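Scroll down for the structure; my scribbles are underneath it.
Just so we're clear, the structure is a prediction, and the values are computed from it rather than from any experiment. Atoms considered below: every heavy atom in the structure, side chains included; atoms not considered: hydrogens, waters and symmetry mates.
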Amino acid sequence: MTTWNKETNKIFLELWGRSSPAEIAAAVNDWHSDDSKAKNAMYATITTARGVMYHALKLGLISSTEVNIFDQQQKSDRQKRSYVSSKIRNAVLQRDHHQCLACGSQDTLTVAHIMPISQGGNSEIENLQTLCSPCQKDNHAYRVNFRKPYTKQWCSHCGREHYKNIE
């Protein structure tokens with residue numbers, strides 16, 4: 001399955017110039033999701049804002065210079081969202097009493113994002129928590145806010161504990 005077919009090209013051309021690349025990608029992804037469900041397919045093709053820009057380049061709507069500028073802007077935006085100033089870092093450590101919220105350790109502390117930047121998170125103090133390096137690297141603690149109630153359950157499938165916030 002390819003990202004760009006007759007239907008998604010129509011969506012692309014209708015939205016080009018009126019919507020952002022991210023909005024176009026979302027519309028194309030919605031179409032692919034609906035199409036996959038209709039065909040009982042296990043996977044749906046997805047695209048990104050960058051994919052939209054490269055498609056516009058392929059169609060001759062923009063230049064490679066414009067794509068490069070877009071790529072640089074995206075990279076800069078990601079770096080800005082993931083940057084944690086020393087002032088915020090110190091405030092998070094102080095708020096969390098200089099200890100890992102998952103295990104209580106006071107060694108090798110780091111300030112970790114609850115919602116990752118790649119998933120739309122930011123570096124605001126509400127999205128940060130203190131974890132030790134081992135807990136931060138444990139992908140089973142992914143997207144868990146340890147300042148809120150959570151459960152820890154043993155997984156017989158992978159032989160590890162999983163964390164989950166209690167809703």
Side-chain angles (χ1 to χ4, degrees), residues 1-93 95-96 101 108-131 133-148 162-165:
M1 185 184 285
T2 63
T3 301
W4 302 105
N5 57 36
K6 187 171 79 173
E7 291 83 5
T8 54
N9 267 332
K10 182 179 176 188
I11 294 167
F12 172 87
L13 292 171
E14 286 175 0
L15 296 177
W16 183 255
R18 296 182 309 154
S19 302
S20 72
E23 292 168 331
I24 295 170
V28 168
N29 291 338
D30 286 345
W31 183 88
H32 277 296
S33 176
D34 292 345
D35 185 55
S36 293
K37 287 176 188 171
K39 293 177 180 176
N40 290 325
M42 290 182 64
Y43 301 102
T45 301
I46 61 166
T47 192
T48 61
R50 188 170 192 245
V52 168
M53 294 300 285
Y54 277 92
H55 190 61
L57 174 65
K58 181 179 171 187
L59 295 177
L61 299 172
I62 59 174
S63 69
S64 59
T65 302
E66 290 172 291
V67 173
N68 290 336
I69 291 169
F70 176 82
D71 284 344
Q72 290 300 317
Q73 184 63 45
Q74 292 286 301
K75 183 178 179 182
S76 174
D77 289 348
R78 278 192 305 274
Q79 288 171 338
K80 286 177 190 171
R81 287 194 321 262
S82 65
Y83 174 74
V84 179
S85 71
S86 60
K87 184 178 179 180
I88 291 177
R89 184 178 310 277
N90 290 335
V92 171
L93 289 167
R95 178 198 64 202
D96 296 340
L101 295 177
T108 64
L109 295 179
T110 184
V111 172
H113 291 88
I114 297 166
M115 175 67 72
I117 299 299
S118 62
Q119 303 265 322
N122 59 40
S123 293
E124 301 294 323
I125 198 164
E126 300 82 26
N127 190 45
L128 298 169
Q129 62 188 345
T130 303
L131 296 176
S133 290
C135 287
Q136 195 260 342
K137 289 176 184 173
D138 181 6
N139 63 4
H140 296 284
Y142 177 69
R143 292 180 67 169
V144 175
N145 183 345
F146 288 101
R147 291 190 318 273
K148 293 183 177 180
H162 290 272
Y163 298 91
K164 184 178 181 181
N165 281 115

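- Side-chain contact between W4 and I11: absent, with no pair of heavy atoms (C-beta onward) separated by less than 4.5 Å.
- Side-chain contact between T45 and W31: absent, with no pair of heavy atoms (C-beta onward) separated by less than 4.5 Å.
- Nearest approach of W16 to I62, heavy atoms of both residues: CZ2-CG2, 3.6 Å.
- Among residues two or more places apart in sequence or in another chain, the salt bridge (Lys or Arg N to Asp or Glu O under 4.0 Å) test is passed with D34 by none.
- The nearest pair of heavy atoms linking V111 to V92 is CG1-CG1, 4.0 Å.
- One N or O on the side chain of E66 and one on the backbone of S63 form a donor-acceptor pair closer than 3.5 Å.
- To the nearest 0.5 Å, atom OG1 of residue T47 and atom NE2 of residue H32 are 7.5 Å apart.
- No donor-acceptor pair under 3.5 Å is formed between the side chain of S123 and the backbone N or O of V84.
- Closest of all the heavy-atom pairs between P134 and T108 is CD-OG1, 3.9 Å.
- Shortest non-hydrogen contact noted between V52 and A25 is CG2-N, 3.7 Å.
- The heavy-atom pair separating L61 from F12 by the smallest distance is CD1-CE2, 3.6 Å.
- Atom OG1 of residue T130 and atom CG of residue L109 lie 6.5 Å apart, to the nearest 0.5 angstrom.
- Between D30 and S33, the side chains place no donor N or O within less than 3.5 Å of an acceptor N or O (distance only, hydrogens not considered).
- I88 CD1 to L93 CG: the interatomic distance, rounded to the nearest 0.5 Å, is 12.0 Å.
- Between E126 and I114, the closest side-chain pair of non-hydrogen atoms is not below 4.5 Å.
- Between R95 and Q129, the shortest heavy-atom distance links the atoms NH2-CA, 3.8 Å.
- We find the CZ-NE2 distance between R50 and H55 to be 15.5 Å, quoted to the nearest 0.5 Å.
- In this structure a side-chain-to-backbone donor-acceptor pair under 3.5 Å is present from T8 to T3.
- For the pair Y54 and L57, the minimum side-chain heavy-atom distance is below 4.5 Å.
- With rounding to the nearest 0.5 Å, the separation of CG in N5 from CG in D35 is 7.5 Å.
- With values rounded to the nearest 0.5 angstrom, H113 atom NE2 is found 7.0 Å from N122 atom CG.
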